[in-house]
Amino acid sequence: QVQLVESGGGLAQAGGSLRLSCAASRRTFSSYAMGWFRQAPGKEREFVATISWDGGSTAYADAVKGRFTISRDNGGTVYLQMNNLKPEDTAVYYCAAAKGGSRTWSISDYTYWGQGTQVTVSS
């Protein structure tokens, strides 16, 4: 089945850390670029991070650069390590896959989407 499933969201205090996971089929998504997006209350969905099919290239939104790290393993799982969390990081976080393999921050390039996982950061 073609499916992306996020997990690892929850509540954290400002300055704390969370790690999100995206379970993906290696057979389906090993040749895809992967990305993380988020949607905060009352705001549009925005790009967070992306990684190429082989993990060799990454890119980040300015708002999270230096704090978040995207990675992927050989089993097909994609991760978002979030450090030094801020209240403005509060959002539903979505994992997505883009056919083509190159890192991309264009939401239109992403074909498959997970259901999202809630991250809430308190001050």
Side-chain angles (χ1 to χ4, degrees):
Q1 299 291 328
V2 177
Q3 189 175 26
L4 300 172
V5 180
E6 303 96 332
S7 63
L11 276 67
Q13 295 184 348
S17 298
L18 287 172
R19 187 181 72 164
L20 305 184
S21 298
C22 176
S25 169
R26 184 181 182 278
R27 182 185 306 111
T28 302
F29 298 111
S30 62
S31 64
Y32 283 59
M34 302 295 294
W36 287 95
F37 292 77
R38 68 187 183 186
Q39 188 164 18
K43 300 181 66 176
E44 296 183 358
R45 191 169 301 186
E46 65 178 2
F47 166 76
V48 175
T50 183
I51 187 167
S52 60
W53 72 274
D54 61 353
S57 299
T58 60
Y60 300 90
D62 288 342
V64 307
K65 196 171 299 181
R67 300 188 298 118
F68 291 10
T69 302
I70 188 171
S71 61
R72 64 196 301 169
D73 63 25
N74 291 333
T77 302
V78 184
Y79 304 95
L80 185 68
Q81 178 67 47
M82 305 185 295
N83 296 328
N84 192 24
L85 284 163
K86 303 176 179 180
E88 50 263 45
D89 295 320
T90 295
V92 176
Y93 283 71
Y94 297 90
C95 177
K99 186 174 179 62
S102 297
R103 62 179 183 169
T104 178
W105 41 90
S106 176
I107 193 169
S108 64
D109 289 339
Y110 289 87
T111 304
Y112 299 96
W113 293 83
Q115 82 289 347
T117 185
Q118 176 71 49
V119 171
T120 302
V121 184
S122 62
S123 60

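Residues: numbered from 1 along the sequence shown.
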List the residues meeting ring-ring contact (aromatic ring centres under 6.0 Å, His included) with Phe37, not counting sequence neighbours, and say none if there are none. Phe47, Tyr110, Trp113
To check you understand the geometry: which heavy-atom pair defines the closest contact between Ile51 and Ser71, and what is its length? CD1-CA, 3.7 Å
Looking only at non-hydrogen atoms, find the nearest pair between Asn84 and Arg67 and report the distance.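 Smallest interatomic distance, heavy atoms only, reads O-NH1, 3.0 Å.
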Could you tell me whether Lys65 and Asp62 make a salt bridge, using a distance below 4.0 angstrom between a side-chain N and a carboxylate O?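 Salt bridge between Lys65 and Asp62, a charged N being under 4.0 Å from a carboxylate O: yes.
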Between Lys99 and Asp109, does any side-chain N to carboxylate O distance fall below 4.0 Å?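 Salt bridge absent between Lys99 and Asp109.
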With a 4.5 Å cut-off on side-chain heavy atoms, are [Y] and [X] touching?
X	Y	answer
Met82	Val119	yes
Gln39	Tyr94	yes
Gln13	Val121	no
Tyr60	Ile70	yes
Thr117	Val92	no
Val78	Trp36	yes
Ser123	Pro87	yes

Centre of Tyr79's six-membered ring, under 6.0 Å away, within 45 degrees of the axis: is that where NZ or CZ of Arg72 sits? no
Leu80 and Arg19: CA distance, side-chain angles, deciding distance, side chain to side chain contact (heavy atoms under 4.5 Å, CB included) verdict: CA-CA 6 Å; Leu80 185 68; Arg19 187 181 72 164; over 6 Å; no
Any sub-3.5 Å donor-acceptor pair from Thr111's side-chain atoms to Ala98's backbone N or O? no
Quick check for you: to the nearest 0.5 Å, what is the distance between Leu11 atom CG and Thr90 atom OG1?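 Spacing of CG (Leu11) from OG1 (Thr90) equals 8.5 Å.
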Atom pair CZ/CH2 of Arg103 and Trp53 - distance to nearest 0.5 Å: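 Interatomic distance, Arg103 CZ to Trp53 CH2, rounded to 0.5 Å: 15.5 Å.
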List the steps and the verdict of side-chain hydrogen bond (donor to acceptor under 3.5 Å, both in side chains) for Ser106 and Ser108. CA-CA 5 Å; Ser106 176; Ser108 64; 3.0 Å; yes
Could you walk me through whether Cys95 and Met34 pass the side chain to side chain contact (heavy atoms under 4.5 Å, CB included) test, one step at a time? CA-CA 7 Å; Cys95 177; Met34 302 295 294; 3.7 Å; yes
What do the steps show when you test Val5 against Gln115 for side chain to side chain contact (heavy atoms under 4.5 Å, CB included), and what is the final call? CA-CA 7 Å; Val5 180; Gln115 82 289 347; 4.1 Å; yes
Any idea how Tyr112 and Phe29 line up, ring-wise: parallel (<30°), tilted (30 to 60°), or perpendicular (>60°)?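 Tyr112 and Phe29: perpendicular rings.
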Sequence-distant partners of Arg26, salt bridge (Lys or Arg N to Asp or Glu O under 4.0 Å), two or more places apart: none
Under the rule for salt bridge (Lys or Arg N to Asp or Glu O under 4.0 Å), what residues qualify as partners of Glu46, not counting sequence neighbours?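 Result, salt bridge (Lys or Arg N to Asp or Glu O under 4.0 Å) vs Glu46: Arg38.
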What verdict does the side chain to side chain contact (heavy atoms under 4.5 Å, CB included) test give for Gln81 and Phe68, after you've listed the backbone C-alpha separation in whole Å, the side-chain angles of each residue and the deciding distance to 0.1 Å? CA-CA 5 Å; Gln81 178 67 47; Phe68 291 10; over 6 Å; no
